[in-house]
Student: 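Would you mind keeping the following structure in view while I ask a few things?
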Amino acid sequence: MPDVTRIAVAGFGLVGKRHAEAVRRLPELELAAIVEPDDAARKLAADLGAPCFGSLDEMFDRVQVDGLILATPTPLHVEQGLEIIARQCPLLIEKPIAVTSAEALQLTSAAEAAGVPLLVGHHRRHNALVRRAKSEIDSGAIGQLRAVQTTCWFYKPDHYFETAPWRTRKGAGPISVNLVHDVDLLRHFCGEVASVQAQKAPSVRGFENEDLAAALLTFRSGAIATISVADSIAAPWSWEMTARENPAYPATNESCYLIGGTRGALSIPDLRLWRHESVPDWWSPISATNLIAEAGDPLSLQALHFARVIRQQEPAIVSGLEGLRSLEVIEAIQLAASTGQLVAMETPKAAEGSAPLDAATRYKRAENV
Ligand SMILES: NC(=O)c1ccc[n+]([C@@H]2O[C@H](COP(=O)([O-])OP(=O)(O)OC[C@H]3O[C@@H](n4cnc5c(N)ncnc54)[C@H](O)[C@@H]3O)[C@@H](O)[C@H]2O)c1
């Protein structure tokens, strides 16, 4: 393989543009092609200097690529993902990996059978502040992680939905589109989910999905996380509005994750580590240390990681299976919110060291447990 890794981007929309620009900026990568059926979007894409095609077939027939980032609407992920895997092309698929876990399983099974790397775009795991938070937690800085409080509130303007009507349809509400990021991070920090309870409220704008939900996740470790998500609340507390990952969102100095342990607590993204002076004691002063994380664009770091996975230099950080597991938690949240009942999630067998990376690793859900 030549020194430069040739990456194509399919879907030149909201996030596809950012992927294409990130790939183009990185000297280790080459933006090999853009696939976009919309004429106006394709004209914009042409400005990046890469060849543009109207369909995947056309692109694969005309250019050689080492990997592809799939940033098309989620309902297209399964069909296009299977097509890309059949072409033996390594694939980084945007989150959520698919609309349903059954579709996601089709993708992970096909990738495994074909021996094709499949990654999912949960880019927050590539953010240096997430890495720093994870290493603090793993080093015991807050003692035993007991609880996480997550807020994911923002107001998506009407034109966000008008320009891409798929965003108003079933499967594209904030539980699936936004919360899947937070579920991935919560799994990263706390481990696998044991059970889920949830409530949701219908969209005040009349869309097919909820626009507000709250979930309570219990982890196998015993930790408990509470999450509240809404795309129709005007507020400063969300990853988008605080993490400074994407300049499109004016940043606030707030935090959206509070992580509590037996010896201290951590808020992110402001990375403040709270501890009492000596032993934990609510009658002794508690103060915060500001931790430092290097700056860096997570989409670029993710693209570089994708190239290293393609070159077999490192294993996938967020594999298709990881994307599938997070999607299963999302489905459990949807199920719990629709039924009002607790949903128990079975232990993934891969986590116990048996039958890795096959269909048997899936969670099974049970109602009324
Ligand atoms: N990682 C993130 O932070 C992040 C942010 C936004 C969206 N997403 C995810 O990325 C995906 C795309 O979301 P978006 O908001 O950018 O959507 P979008 O509607 O803005 O863009 C999708 C683009 O795909 C194009 N497209 C449609 N059919 C296609 C086809 N057959 N082949 C190639 N391109 C096609 C559309 O014309 C459009 O330009 C979704 O899965 C979404 O959940 C991830």
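Atoms within a ligand are numbered from 1 in the order they appear, just like the ligands themselves. Count residues from 1 along the sequence. Reckoned from all heavy atoms, side chains included, excluding hydrogens, waters and symmetry mates.
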Student: Using side-chain heavy atoms (C-beta onward) and a distance below 4.5 Å, is Leu266 in contact with Trp274?
Tutor: no

Student: Could you tell me whether Pro37 and ligand 1 have an N or O pair separated by under 3.5 Å?
Tutor: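 Pro37 vs ligand 1: no N/O contact under 3.5 Å.
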
Student: In terms of relative ring orientation, are His305 and His126 parallel, tilted or perpendicular, with 30° and 60° separating the classes?
Tutor: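 His305 vs His126 ring planes: tilted.
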
Student: Check the angle between the aromatic planes of Trp237 and Trp153 and answer parallel, tilted or perpendicular using the 30° and 60° thresholds.
Tutor: perpendicular

Student: For Ser101, run the side-chain hydrogen bond (donor to acceptor under 3.5 Å, both in side chains) check against Gln106, Glu331, Arg325 and tell me which one passes.
Tutor: Glu331

Student: Once you round to the nearest 0.5 Å, how far does CZ of Arg125 lie from CG of Leu301?
Tutor: 15.0 Å

Student: Starting from atom 17 (O) of ligand 1, what is the nearest protein heavy atom, named by residue and atom, and what distance separates them?
Tutor: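 The answer is Trp166 CZ2, 3.4 Å.
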
Student: Any carboxylate oxygen within less than 4.0 angstrom of a Lys/Arg side-chain nitrogen, looking at Glu21 and Arg24?
Tutor: no

Student: Enumerate the atoms of ligand 1 whose separation from the nearest heavy atom of Ala71 is less than 4.0 angstrom.
Tutor: 12 (C), 22 (C)

Student: In the protein, which heavy atom is nearest to atom 38 (C) of ligand 1, and how far is it?
Tutor: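 For atom 38 (C) of ligand 1, the nearest protein heavy atom comes out as Glu36 OE1, 3.5 Å.
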
Student: So which heavy atom in the protein is nearest atom 31 (N) of ligand 1, and how far is it from that ligand atom?
Tutor: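 Result for atom 31 (N) of ligand 1: Gln80 NE2, 3.1 Å.
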
Student: Which of the atoms of ligand 1 are close to Gly11, meaning less than 4.0 Å from one of its heavy atoms?
Tutor: 23 (C), 24 (O), 25 (C), 33 (C), 34 (N)

Student: Of all the non-hydrogen atoms in the protein, which one sits nearest to atom 40 (C) of ligand 1, and at what distance?
Tutor: Thr74 OG1, 3.4 Å

Student: List the closest protein heavy-atom neighbour of atom 42 (C) of ligand 1: residue, atom name, distance to the nearest 0.1 Å.
Tutor: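 The closest one turns out to be Lys95 O, 3.5 Å.
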
Student: Kindly indicate whether a cation-pi arrangement holds for Arg6 with Phe306, taking the cut-offs as under 6.0 Å to the six-membered ring centre and within 45° of the axis.
Tutor: no

Student: Any idea which atoms of ligand 1 are less than 4.0 Å away from a heavy-atom of Ala164?
Tutor: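 The list of qualifying atoms is 19 (O).
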
Student: Enumerate the atoms of ligand 1 whose separation from the nearest heavy atom of Pro96 is less than 4.0 angstrom.
Tutor: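 Counting from 1, the qualifying ligand atoms are 43 (O).
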
Student: Run the numbers for me: atoms of ligand 1, each under 4.0 Å from some heavy atom of Gly121, listed by number.
Tutor: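 It comes down to these atoms of ligand 1: 1 (N).
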
Student: For atom 14 (P) of ligand 1, what's the nearest protein heavy-atom neighbour? Residue, atom name and distance, please.
Tutor: Arg167 NH2, 3.8 Å

Student: Mark yes or no: Arg167 above the aromatic ring of Tyr160, with NZ or CZ under 6.0 Å from the six-membered ring centre and no more than 45 degrees from the axis.
Tutor: yes

Student: Considering non-hydrogen atoms of the protein only, which is the closest contact for atom 44 (C) of ligand 1, and what is the distance?
Tutor: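 The closest one turns out to be Glu94 OE1, 3.1 Å.
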
Student: Go through the structure and list residues passing salt bridge (Lys or Arg N to Asp or Glu O under 4.0 Å) with Arg87, not counting sequence neighbours.
Tutor: Asp57, Asp61

Student: Against heavy atoms of His77, which atoms of ligand 1 measure under 4.0 Å?
Tutor: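 Those atoms are 41 (O).
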
Student: So which heavy atom in the protein is nearest atom 16 (O) of ligand 1, and how far is it from that ligand atom?
Tutor: Val15 N, 2.9 Å

Student: Is the backbone of Gln144 close enough, under 3.5 Å, to the side chain of Thr262 for a donor and an acceptor to pair up by distance?
Tutor: yes

Student: At what distance, to the nearest 0.5 angstrom, does OG1 of Thr5 lie from CG of Leu304?
Tutor: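 Reported value, rounded in 0.5 Å steps: 9.0 Å.
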
Student: Could you tell me, atom by atom, which parts of ligand 1 come under 4.0 Å of a heavy atom of His181?
Tutor: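 Heavy-atom distances to His181 below 4.0 Å select 1 (N), 2 (C), 3 (O).
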
Student: Which of the numbered atoms in ligand 1 are below 4.0 angstrom from a heavy atom of Pro73?
Tutor: 22 (C), 24 (O), 27 (C)

Student: So how far is it from Leu179 CG to Ser326 OG, rounded to the nearest 0.5 Å?
Tutor: 10.5 Å

Student: Could you check which of Arg124, His123, Lys17 puts a non-hydrogen atom nearest to atom 3 (O) of ligand 1?
Tutor: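 When every heavy atom of Arg124, His123, Lys17 is considered, His123 comes closest to atom 3 (O) of ligand 1.
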
Student: Would you indicate which of Val120, Leu76, Thr72 comes nearest to atom 28 (N) of ligand 1 when only heavy atoms are counted?
Tutor: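 Nearest heavy atom to atom 28 (N) of ligand 1 lies in Leu76.
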
